Amino acid sequence: MIKLKNTVIVSCCLMLLLSGCGNAGNTVTSEEELTEFSETEAVPETIPETEPETEFIWTEPPTDPPAPETVFINCQSVVEVNSNMTVADFVTSANVTLKDETAPVDTGRIGTFEITIPYLYGQETREETFTYQVKDTTPPLILNDGQNAYIKTGEVFDLRELIGYGDNYDTNLTLTYDGDVDTAVPGNYMLSAHLTDSSGNQSTCRLEVTVADEKPSSYSGESVNFADFKKQYASKYNSFAGVDVSSWQGYIDYDALKRAGCEFVIMRIGKSTEGNLVEDSYFEYNFNSAREAGMKVGVYFYSADNDESQIRADADWIAQRLNGEKLDFPIAFDWEDFTEFQHYGINLHDLNLLWNAFNDQMQKNGYESMLYASKFYLQNVWENPDSNTVWLAHYTEQTDYDGNYFIWQRCNTGYVDGIDGYADFDVFIENTESETSASEESTGLPLTDGSENAIIEEN
């Protein structure tokens with residue numbers, strides 16, 4: 001206590017000196033009082049711990065990379081017409097940062113053009129202009145290889161009415177052929193067809209023309225029982241089995257269809273040809289009856305329009321007709337009049353723009369959409385199909401299509417309780433990777449030659 005007492009005494013004296021202890025009226029506290037005070041008001045000897053000081057680390061502020069002494073931006077000198085190219089595709093190498101790599105490069109016309117590309121030079125934005133050529137090096141496409149080419153006995157032969165064809169750029173193509181067709185004599189005639197565009201690119205194919213009194217059936221392959229179909233595909237892939245229908249099937253007994261094991265129905269809501277919109281006469285019945293039977297439902301729209309504004313109007317009409325109804329599948333866009341494609345006045349790139357317009361307008365109306373197409377057209381006509389939701393039509397026991405798809409239309413020769421006549425059978429496959437792997441192991445062969453050019457119906 002002595003150490004503490006002395007400390008307190010010194011402290012008190014300092015306080016008295018500061019307060020003017022020599023002034024009259026001030027009294028000095030005795031040692032006994034100080035001792036008593038020090039014993040009652042003592043403070044602990046330990047000093048409270050304080051947090052250690054944080055060491056300050058100096059960091060240099062971020063700086064832009066130094067500008068190169070010599071800037072190089074290497075670009076393609078020749079690009080393909082209608083190639084959907086961006087600046088990132090166009091520039092092959094550079095030692096500076098490009099400002100907008102996603103900007104489109106104009107490839108919509110053949111000729112010589114300039115493009116200005118902005119880039120970063122240190123902290124500055126600079127730009128450089130390049131000259132490039134747009135060429136057409138892609139041969140025209142014979143769209144159906146004359147599949148099911150038919151002419152009635154006695155009619156005038158015109159190959160342009162029997163074979164479908166198109167080009168990635170030209171809308172007017174030159175069609176010639178080698179061989180003869182005598183329409184007065186029924187039979188099959190072999191021809192070699194030659195298709196040439198304005199850039200001199202040419203395609204050739206062999207085709208068979210049938211002269212007969214009646215048109216051959218468009219159905220492909222042998223009949224398929226729904227129970228066998230479901231067991232082979234839906235059960236194997238833990239998926240759903242269903243059908244797609246339209247007024248061509250007429251009245252459908254949905255209770256019988258449900259008992260047969262059908263789990264979903266995709267039905268035609270309508271069609272449009274040159275702006276003539278028509279609702280499918282069985283749509284309302286099919287939609288309500290399938291729902292009442294407890295099935296999943298979806299719709300498809302058959303289009304034969306060639307104008308973007310009309311395509312968007314079609315999408316608006318579909319949304320208005322559905323009036324907010326929820327669907328179990330995206331709305332399918334079905335454009336398949338490829339035998340008549342040369343009469344539409346558009347090229348194949350234009351067709352893709354129509355699909356893009358439909359997809360965009362359906363999204364604006366709150367609905368997702370998907371592209372219906374056969375294997376052949378997915379591989380040869382539709383651009384970047386894997387970026388879309390795809391309903392694949394491929395009439396074969398095991399498809400070998402290696403792209404992504406959402407639904408597979410297996411055949412158009414199915415028979416099932418509840419539907420009189422043939423129906424299209426479909427399987428919903430969520431994981432197409434497992435389907436592709438399975439196709440590699442399968443020894444199944446196509447049901448008929450050329451069946452990849454499948455269609456839902458004639459119209």
Side-chain angles (χ1 to χ4, degrees), residues 57-141 166-173 195-203 308 346-357 359-360 363 371 377-390 401-404 432-433 436:
I57 301 175
W58 171 259
T59 57
E60 293 288 339
T63 59
D64 293 326
E69 293 183 6
T70 302
V71 173
F72 69 84
I73 302 176
N74 298 323
C75 304
Q76 299 186 48
S77 58
V78 179
V79 298
E80 184 69 19
V81 68
N82 288 331
S83 54
N84 293 321
M85 181 172 289
T86 65
V87 168
D89 303 318
F90 180 69
V91 175
T92 56
S93 62
N95 66 342
V96 289
T97 301
L98 306 179
K99 286 279 286 185
D100 188 2
E101 293 185 336
T102 62
V105 177
D106 184 7
T107 62
R109 298 164 295 159
I110 293 175
T112 301
F113 304 94
E114 289 187 347
I115 181 173
T116 299
I117 299 178
Y119 62 92
L120 291 176
Y121 185 79
Q123 295 183 343
E124 298 179 45
T125 296
R126 297 185 179 182
E127 58 185 28
E128 192 163 339
T129 300
F130 301 90
T131 300
Y132 65 100
Q133 285 185 300
V134 179
K135 293 186 177 181
D136 179 10
T137 64
T138 303
L141 185 63
D167 187 66
N168 67 322
Y169 180 69
D170 290 291
T171 56
N172 294 312
L173 302 168
L195 196 61
T196 309
D197 66 17
S198 62
S199 297
N201 303 302
Q202 187 177 83
S203 295
E308 179 179 333
I346 59 176
N347 59 43
L348 298 175
H349 181 70
D350 295 331
L351 178 61
N352 280 269
L353 297 181
L354 295 181
W355 152 242
N356 293 341
N359 184 40
D360 177 67
Q363 289 183 351
L371 177 65
Y377 298 115
L378 287 170
Q379 292 176 329
N380 295 281
V381 172
W382 298 108
E383 300 167 359
N384 304 316
D386 280 352
S387 64
N388 305 303
T389 302
V390 168
Y401 177 65
D402 58 4
N404 297 326
T432 58
E433 291 183 1
T436 303

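Just the heavy atoms: all of them, side chains too, but no hydrogens, waters or symmetry mates, feed the values below. What you are looking at is a predicted structure, and each value in this text was computed from that prediction instead of being measured.
Qualifying salt bridge (Lys or Arg N to Asp or Glu O under 4.0 Å) partners for Asp106, counting only residues two or more places apart in sequence or in other chains: Arg109. Scanning for salt bridge (Lys or Arg N to Asp or Glu O under 4.0 Å) contacts around Glu124 gives Arg126, with sequence neighbours left out. With sequence neighbours excluded, no residue satisfies salt bridge (Lys or Arg N to Asp or Glu O under 4.0 Å) with Glu101.
A donor-acceptor contact shorter than 3.5 Å is absent between the side chain of Asp197 and the backbone of Asp170. A donor-acceptor pair is defined here as one N or O able to donate and one able to accept, closer than 3.5 Å; such a pair exists between the side chain of Asn95 and the backbone of Phe72. Under the 3.5 Å distance criterion, the side-chain polar atoms of Asp136 are matched with a main-chain donor or acceptor of Thr138. Of the possible polar contacts, none joining the Asn404 side chain to the Asn388 backbone as a donor-acceptor pair under 3.5 Å is found. With hydrogens and angles ignored, the 3.5 Å screen pairs no side-chain donor or acceptor of Ser203 with any backbone N or O of Leu141. Using modelled atom types, one side-chain atom of Thr107 and one backbone atom of Ser83 make a donor-acceptor pair closer than 3.5 Å.
To the nearest 0.5 Å, the span separating OG1 on Thr131 from CZ on Phe113 amounts to 11.5 Å. Here CG of Leu354 is found 12.5 Å from CG of Asn359. Values are rounded to the nearest 0.5 Å. With values rounded to the nearest 0.5 angstrom, Asn82 atom CG is found 9.5 Å from Asn352 atom CG. Rounding to the nearest 0.5 angstrom, the gap separating the OG1 atom in Thr196 from the CG atom in Asn201 is 9.0 Å.
Between Tyr132 and Phe90, the ring planes lie perpendicular to each other; the angle is over 60°, past the 30° to 60° tilted range.
Closest heavy-atom contact between Thr102 and Thr86: O-CG2, 3.9 Å.
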Test side-chain hydrogen bond (donor to acceptor under 3.5 Å, both in side chains) on Thr92 and Asn74; report intermediate values, then the result. CA-CA 6 Å; Thr92 56; Asn74 298 323; 5.0 Å; no
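No hydrogens or angles considered: a donor-acceptor pair under 3.5 Å links the side chains of Thr137 and Glu80.
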